[in-house]
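Notes for the one structure printed next.
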Protein chains: 2
Amino acid sequence: MAARVTIKTIAKDLGISHMTVSRALSDHPNVQKDTRELVKKRAAELGYVKIAAATAMRGDGTRIVGLLLPNIVNEFYASFANELARICEAFSYQLIIHLTDDDLKTEHKAMQQLREVQAKAVVVVPAPGDPHLMGGDRHHLDGLDVIQLIRQRSVTGREAAILVDDAGAISAAVKHLHATGHKKIAYIGANSDLSSGRNRLEAYRKGLRESGLSEIHELIKTAPPSFSMGGNSAEALLSEGVATAIVCGGFEISNGALHALLTSGRKPGSDIAFIGYGDPSFYTWIEGGISTIRVPVSPLANQTLQVLKSGTADDENAQIFEFQAELVIRKS
Amino acid sequence: MAARVTIKTIAKDLGISHMTVSRALSDHPNVQKDTRELVKKRAAELGYVKIAAATAMRGDGTRIVGLLLPNIVNEFYASFANELARICEAFSYQLIIHLTDDDLKTEHKAMQQLREVQAKAVVVVPAPGDPHLMGGDRHHLDGLDVIQLIRQRSVTGREAAILVDDAGAISAAVKHLHATGHKKIAYIGANSDLSSGRNRLEAYRKGLRESGLSEIHELIKTAPPSFSMGGNSAEALLSEGVATAIVCGGFEISNGALHALLTSGRKPGSDIAFIGYGDPSFYTWIEGGISTIRVPVSPLANQTLQVLKSGTADDENAQIFEFQAELVIRKS
DNA sequence: ATGAAAGCGCTAACAC
DNA sequence: GTGTTAGCGCTTTCAT
């Protein structure tokens with residue numbers, strides 16, 4: 001393989017100084033038009049690429065953005081990653097994705113690696129847990145422009161946060177079901193390990209109260225959220241035979257519950273009312289449409305871009321943005 | 001924000017030369033044990049991180065791996081990305097994901113950017129089309145260790161390829177449909193821009209031949225693959241009213257076709273037999289189960305790791321690996 | 001065992 | 001309009 005082509009290669013090739021080459025390639029005004037064109041032509045011919053490391057080392061920064069997610073198969077994270085990646089493509093940023101598995105140590109290591117490559121900014125869905133137990137490393141964010149997504153965990157107090165407020169939509173879901181005649185409305189959601197779990201359950205309760213319904217213990221299923229937990233909870237509700245409607249409070253839970261309904265031959269919408277959480281594309285096209293609590297993805301991604309572009313590190317006080325989840329009623 | 005901490009900062013702080021610091025930090029034998037420990041302690045306190053750009057510039061390479069995908073919402077790509085990202089996490093690689101949208105120009109630009117950051121290797125699902133029409137840029141792969149995934153498009157002849165052999169499964173799909181009484185079996189797939197498109201169509205034809213069926217021109221829909229292409233083709237087949245069964249030859253195509261069937265009120269399995277491509281989790285639980293040609297994900301990801309570790313650039317002849325797709329019959 | 005010098009590729013700051 | 005110099009952070013080589 002040929003030795004790599006640098007501005008000096010081109011300079012030597014053309015018998016000019018490497019600075020002229022540099023200037024020509026970055027459209028500096030102080031170059032003869034002919035020279036500039038000649039240089040560009042030759043550079044293209046030789047297959048020159050500007051080594052990013054060199055500019056980075058000079059302190060000119062990088063075009064790297066980090067994204068830290070628990071995983072990338074959950075359709076919400078996948079579509080957020082997709083949107084952010086598309087945005088990065090449009091702005092010629094490069095997106096480094098790290099999976100944290102919701103583990104603090106993994107998250108910490110990924111942050112470290114992003115510092116090493118001098119990422120311009122890092123978008124992170126913070127792992128649950130207390131970061132201060134991580135060995136008191138006060139530096140693991142130094143020089144990093146951090147944007148927290150979905151979950152908030154203040155560390156330096158200077159991280160921006162882009163959050164989702166789903167309380168209104170969850171309460172609305174309960175009230176909608178009540179308005180359409182349901183009195184036994186079940187809830188399947190995360191337990192209180194995460195603040196989002198607590199908040200969603202509280203929103204469900206608020207919906208009940210505002211509908212004049214009283215809480216029935218058997219209709220509330222909470223546990224660490226997962227696909228199978230959603231399925232088990234739905235099956236339990238079905239076999240207990242009390243609930244006439246189900247509201248879900250989590251992405252995986254929603255899919256698990258839906259799976260349980262469909263594979264047991266129940267039709268969401270006719271046999272039992274169902275309101276899911278999140279909005280994978282196939283919700284719109286199965287069983288006449290699955291009602292759901294939609295978490296907006298594009299607005300989150302676009303706001304992320306805005307924050308990326310404005311920069312957070314220089315700001316004294318954290319910027320916090322909240323987007324409303326939305327109740328989408330379809331056939332189920 | 002404090003100026004960034006380099007080995008010189010630490011050296012000055014400790015009153016020793018920056019070389020000793022460098023050696024200490026990289027566990028070079030020629031350092032006093034006490035010195036080494038002191039240096040490491042001080043480095044941690046000051047929040048030192050080794051700037052990756054500096055090492056990269058010296059020619060020591062990077063730990064960056066690129067992944068070029070059409071998108072990351074398609075569940076197949078998402079789960080591959082997830083597996084690869086997990087592997088990268090385990091080996092302290094950093095994964096840069098670029099979305100190509102199956103567009104050659106976008107792919108080309110992403111490759112360029114990955115060359116700029118001196119990615120160690122690039123895993124790419126090649127976009128359809130003729131790369132030679134891209135302006136004859138013979139350099140856009142220089143210095144890049146390319147691993148083609150799923151689709152193969154020989155350019156330099158030295159790219160490794162990790163492929164799926166789905167010919168058997170596709171033929172089997174046709175034969176299965178014939179065995180269950182179908183005589184008008186349609187095929188929706190990619191056109192011949194990609195070898196995979198040609199191969200799949202050929203496998204479909206082979207299935208027809210081995211079933212004693214003759215090819216009907218109207219039942220074959222090929223075009224550049226996409227969700228909407230799948231949908232349009234399915235609608236065309238429905239309105240022409242000839243086909244009694246559909247076999248899909250692509251991930252997006254399959255979802256697009258399924259979408260078209262479901263939203264037009266057709267039941268895959270009863271109104272028209274349907275065999276999809278790829279195996280997103282919801283295929284198992286809608287409409288009693290969607291039959292499909294399943295592509296293995298984990299084996300692909302693990303083989304990718306193997307190739308990543310061995311390196312391809314130095315190899316004279318391309319390494320090619322093939323994994324078998326599998327026909328999964330469900331209710332549809 | 002430790003230090004000094006050189007150089008990776010690039011551009012800002014000076015010459016001229 | 002063009003060329004020379006210096007330095008970003010790091011490690012290899014060559015002293016000491």
Side-chain angles (χ1 to χ4, degrees), chain A residues 1-40 42-43 46-63 112-113 115-120 142-143, chain B residues 1-40 42-43 46-63 112-113 115-120 142-143:
Chain A
M1 189 174 32
R4 69 179 166 194
V5 180
T6 75
I7 48 171
K8 287 191 181 167
T9 319
I10 301 174
K12 216 164 285 175
D13 182 283
L14 257 41
I16 57 181
S17 103
H18 70 278
M19 264 318 292
T20 305
V21 175
S22 171
R23 280 192 267 254
L25 291 175
S26 38
D27 288 315
H28 188 97
N30 279 1
V31 213
Q32 295 271 41
K33 206 182 164 203
D34 340 350
T35 319
R36 179 169 54 238
E37 281 165 7
L38 180 62
V39 168
K40 286 192 173 181
R42 200 74 191 105
L46 296 172
Y48 167 81
V49 283
K50 187 198 296 197
I51 304 285
T55 20
M57 216 178 60
R58 297 191 68 259
D60 296 346
T62 68
R63 299 197 67 79
Q112 191 80 358
Q113 290 181 264
R115 282 221 287 159
E116 292 175 2
V117 296
Q118 301 174 89
K120 177 188 166 64
D142 277 10
Chain B
M1 189 176 31
R4 67 179 168 194
V5 180
T6 74
I7 48 171
K8 287 191 183 168
T9 319
I10 300 174
K12 217 165 285 174
D13 182 282
L14 258 41
I16 56 181
S17 105
H18 70 277
M19 266 317 297
T20 306
V21 175
S22 172
R23 282 192 265 254
L25 290 175
S26 37
D27 288 314
H28 188 98
N30 278 1
V31 213
Q32 295 272 36
K33 206 184 165 202
D34 343 348
T35 318
R36 179 168 55 237
E37 281 166 7
L38 180 63
V39 167
K40 285 191 172 181
R42 201 75 192 106
L46 294 172
Y48 168 82
V49 284
K50 188 198 297 195
I51 304 285
T55 15
M57 217 179 58
R58 298 191 67 260
D60 296 344
T62 69
R63 299 197 67 79
Q112 192 79 358
Q113 290 182 263
R115 283 221 286 160
E116 292 175 2
V117 297
Q118 301 175 87
K120 177 188 166 65
D142 278 8

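The shown structure was predicted, so the numbers you read here are calculated from the model rather than taken from an experiment. Scope of the values below: all heavy atoms of this structure, side chains included, with no hydrogens, waters or symmetry mates.
- Recorded end-axis angle for the helix from dA1(C)-dT16(D) to dC16(C)-dG1(D) stands at 50°, based on five pairs per end and rounded to 10 degrees.
- Looking at heavy atoms from C-beta onward, Ile51(A) lies out of side-chain contact with Thr6(A) at the 4.5 angstrom threshold.
- Shortest non-hydrogen contact noted between Leu46(B) and Val5(B) is O-CG2, 3.3 Å.
- Legend: residues meeting salt bridge (Lys or Arg N to Asp or Glu O under 4.0 Å) with Arg63(A), ordered by chain and number and at least two apart, are absent.
- Scanning for side chain to side chain donor-acceptor pair (under 3.5 Å) contacts around Glu116(B) gives an empty result, with sequence neighbours left out.
- For DNA chain D, the span of nucleotides reached by chain A at under 4.0 Å from its heavy atoms goes, 5' to 3', from dG1(D) to dG9(D).
- Within residues 14-22 of chain A, the residues having any heavy atom under 4.0 Å from DNA chain D are, by residue number, Ile16(A), Ser17(A), His18(A), Met19(A), Thr20(A).
- Nucleic acid contact class of Ser26(B) (heavy atoms, under 4.0 Å, all strands): none.
- Taking the side chain as every heavy atom from C-beta outward, Gln118(A) and Arg4(B) approach each other to under 4.5 Å.
- Both Gln32(A) and Ile7(B) lie near DNA chain D, and the one whose nearest nucleotide falls closer to the 5' end is Gln32(A).
- The salt bridge (Lys or Arg N to Asp or Glu O under 4.0 Å) test applied to Lys40(A) returns Asp27(A), not counting sequence neighbours.
- Take Gln32(A) and apply the side-chain contact (heavy atoms from CB on, under 4.5 Å) test, not counting sequence neighbours, and it matches Thr35(A).
- Scanning residues 46-59 of chain A for heavy-atom distances under 4.0 Å to DNA chain D yields Met57(A), Arg58(A).
- Shown here for Thr62(B) and Ala56(B), the closest heavy-atom pair between the two residues is CG2-CB, 3.9 Å.
- In this structure, Tyr48(B) and Thr9(B) have side chains that are not in contact, with every pair of non-hydrogen atoms separated by 4.5 Å or more.
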Would you list the atom pairs, donor with acceptor, under 3.5 Å between side chains in residues 15-26 of chain A and any protein atom, with sequence neighbours excluded?
from	atom 1	to	atom 2	distance (Å)
Ser17(A)	OG	Met19(A)	N	3.1
Ser17(A)	OG	Thr20(A)	N	3.4
Ser26(A)	OG	Ser22(A)	O	2.7

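- Sorted by first and then second residue, the salt bridge (charged side-chain N to carboxylate O under 4.0 Å, His left out) pairs with a member in residues 6-18 of chain B read Asp13(B)-Arg42(B); sequence neighbours excluded.
- The span of DNA chain C lying next to chain B, judged by atoms under 4.0 Å from heavy atoms, is bounded 5' to 3' by dA1(C) to dG9(C).
- Listed by first and then second residue, the salt bridge (charged side-chain N to carboxylate O under 4.0 Å, His left out) pairs that reach into residues 49-59 of chain B are Arg58(B)-Asp60(B), sequence neighbours excluded.
- Between the CG atom in Leu38(A) and the CG atom in Asp34(A) there is a gap of 8.5 Å [rounded to 0.5 Å].
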